[in-house]
Amino acid sequence: MTSKNESATSGPSKGRGAILVGVQMPGGKGYSLDLSLEELDGLATTANYFPVATVTQKPDVINPKTFLGKGKTEELKEAVDLHNPEAVIFDENLSPGQTRNLEKIFNCRVIDRSWLILEIFSHHARTREAKTQVDLARLKYALPRLTHMWGHLSRQRGGIGMREVGETQIQLDRRLIRNDIYKLERKLKLIDKEKITQRKTRARLYRVALVGYTNVGKSSLMNLLTEAEALVENKLFATLDPTTRRVKKNFPFPILLSDTVGLINKLPHDLVASFKSTLDEAREADLLLEVNDLSHPNLKNQMVATDKLLKELGVEEADSLTVFNKTDAVKEPGVLEAMKRRFPEAVFLSCKAGEGIDALRAAIIRRYEKRLTALRVELSHAQSGLLHAIQKHAMVVNSDYHADGVTLDLKVDPRERKKLDQLLDKSSKPTPA
Ligand SMILES: Nc1nc2c(ncn2[C@@H]2O[C@H](COP(=O)(O)OP(=O)(O)OP(=O)(O)O)[C@@H](O)[C@H]2O)c(=O)[nH]1
Ligand SMILES: [Mg+2]
């Protein structure tokens, strides 16, 4: 095993002090250790920890018992004795056994990346759906780890977090937890049903969903397009509860725009599974706006992670439009131009500067119009009363009035075609334009 790159940053060991552990996995590519640690730092801070030291390692193999090798574990133990943190936070996911063994050695709480993300989610969940989803993911995470987590979970129902680590030792009851999981799954199914009904009633509108890595500016863009006030924060996972709004202003037709939960590298599997229903908004969208932060040093990997997660969630099939936000924050000269050459179809904008929003609207409209089929309809004078009803199902591109009536050039959404045909009935057969 080779141990490299240890850096211990001393800091005041007060509050919820935490030592961060970054590990470059054997054969692992992608995130550089530094950038990954920066992200972990952001996650820890969002969960109200105060990073007092960081330790990194590039092991050749993963120790099945302690994750880290013997030497590194000892070094970490020394750091724990020195800083006396409330938790040691790993940037990887640990097995229940590894967590238990490390806690024994350090005599200190050990948290992995999954749990850290779950903690943040539990603090940020607002709606019944998001809360149920997070509760479910947390119970599934805890089930194999019951020996040391039951106490925390029972207290966290109030959303307190893991502050009371080590405080309570309660008798374990796996059956109780399984029962809770069952109940939550049933509750989620019911919520899901309600949502399906809701979605059916608005199925006719063109549906656009904002997706992308956390903190890239999805909610900011939602606000600009809808003139609404979704929660915007320089925090990871500010949005957990998806909002959907009907937008008509500055569009020739109304669209349904949805903001969704942010994605992140190494998202806990159970959380992805629980949030599948939330992400239905994305899965059922006609168009995905894949938002990226152009100014982020880890842009490339964020894009790769986003694509991977969208695939996992089964949303990669949808029509998508790449959006690069935060053009105002790009400092390096030439980056913007180079990216525009590389992504000629993408929209570049800045929510902060309010630039590029019109171009985005135009791109959405173009995508919408692409799916429409052209149709020519002849209406006699006697049928001209139908015009108003036709406009509900199609865009009238041109109307040519002549002696016998009117010739309409229409653009029709495939989903509206049946209704339009019924309306026009047998008396006036439409012909492809
Ligand atoms: N410089 C700059 N900052 C921006 C821009 N757009 C958004 N931000 C900032 O980026 C941060 C994240 O914005 P949000 O809109 O909350 O991002 P999000 O993608 O919804 O984040 P999550 O809900 O956490 O996934 C906030 O501090 C915004 O003010 C932009 O164009 N330029
Ligand atoms: Mg958001």
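Note that ligands are numbered from 1 as they come in the structure, with each ligand's atoms numbered from 1 the same way. The shown structure was predicted, so the numbers you read here are calculated from the model rather than taken from an experiment. Counting begins at 1 with the first residue of the sequence.
At a threshold of 4.0 Å, the pair E284-R207 counts as salt-bridged, since one of the basic side-chain nitrogens sits closer than that to a carboxylate oxygen. Between K266 and D91 there is a salt bridge, with a side-chain nitrogen of the basic residue lying less than 4.0 Å from a carboxylate oxygen of the acidic one. The pair R109-E103 counts as a salt bridge, with a side-chain nitrogen and a carboxylate oxygen less than 4.0 angstrom apart.
Ligand-side atoms of ligand 1 in range of T214: 22 (P), 24 (O), 25 (O), range being under 4.0 angstrom from any heavy atom. The G262 neighbourhood of ligand 1 comprises atoms 25 (O), with distances under 4.0 Å to a heavy atom of that residue. Numbered from 1 in the order shown, with element, the atoms of ligand 1 that lie under 4.0 Å from a heavy atom of C351 read 6 (N), 30 (C), 31 (O). For ligand 1 and D328, the ligand atoms under 4.0 Å from any heavy atom of the residue are 1 (N), 2 (C), 30 (C), 31 (O), 32 (N).
For the pair T132 (side chain) and L188 (backbone), a donor-acceptor distance under 3.5 Å is absent. A donor-acceptor distance shorter than 3.5 angstrom exists from the side chain of N101 to the backbone of G97, with no hydrogens or angles considered.
When all heavy atoms of G212 and T306 are compared, the closest pair comes out as CA-CG2, 4.0 Å. Here the shortest heavy-atom pairing between L210 and K218 reads CD1-O, 3.5 Å.
Ligand 1 has no N or O atom lying under 3.5 Å from any N or O atom of A329, backbone or side chain. For A353, no nitrogen or oxygen atom sits less than 3.5 Å from a nitrogen or oxygen atom of ligand 1, counting backbone and side chain alike. An N or O contact shorter than 3.5 Å is missing between T327 and ligand 1 by distance.
Of the candidates G212, S295, S220, S219, S220 brings a heavy atom nearest to atom 13 (O) of ligand 1.
In this structure, R16 is not positioned above the aromatic face of F50 in the sense of NZ or CZ being under 6.0 Å from the six-membered ring centre and within 45° of the axis.
When heavy-atom distances to ligand 1 are checked against a 4.0 Å cut-off, V216 comes that close through both its backbone and its side chain. When non-hydrogen atoms are compared, ligand 1 lies under 4.0 Å from the side chain of N325 (C-beta onward) but not from its backbone.
The nearest N, O or S atom of T214 is not closer to the Mg ion (ligand 2) than 2.8 Å.
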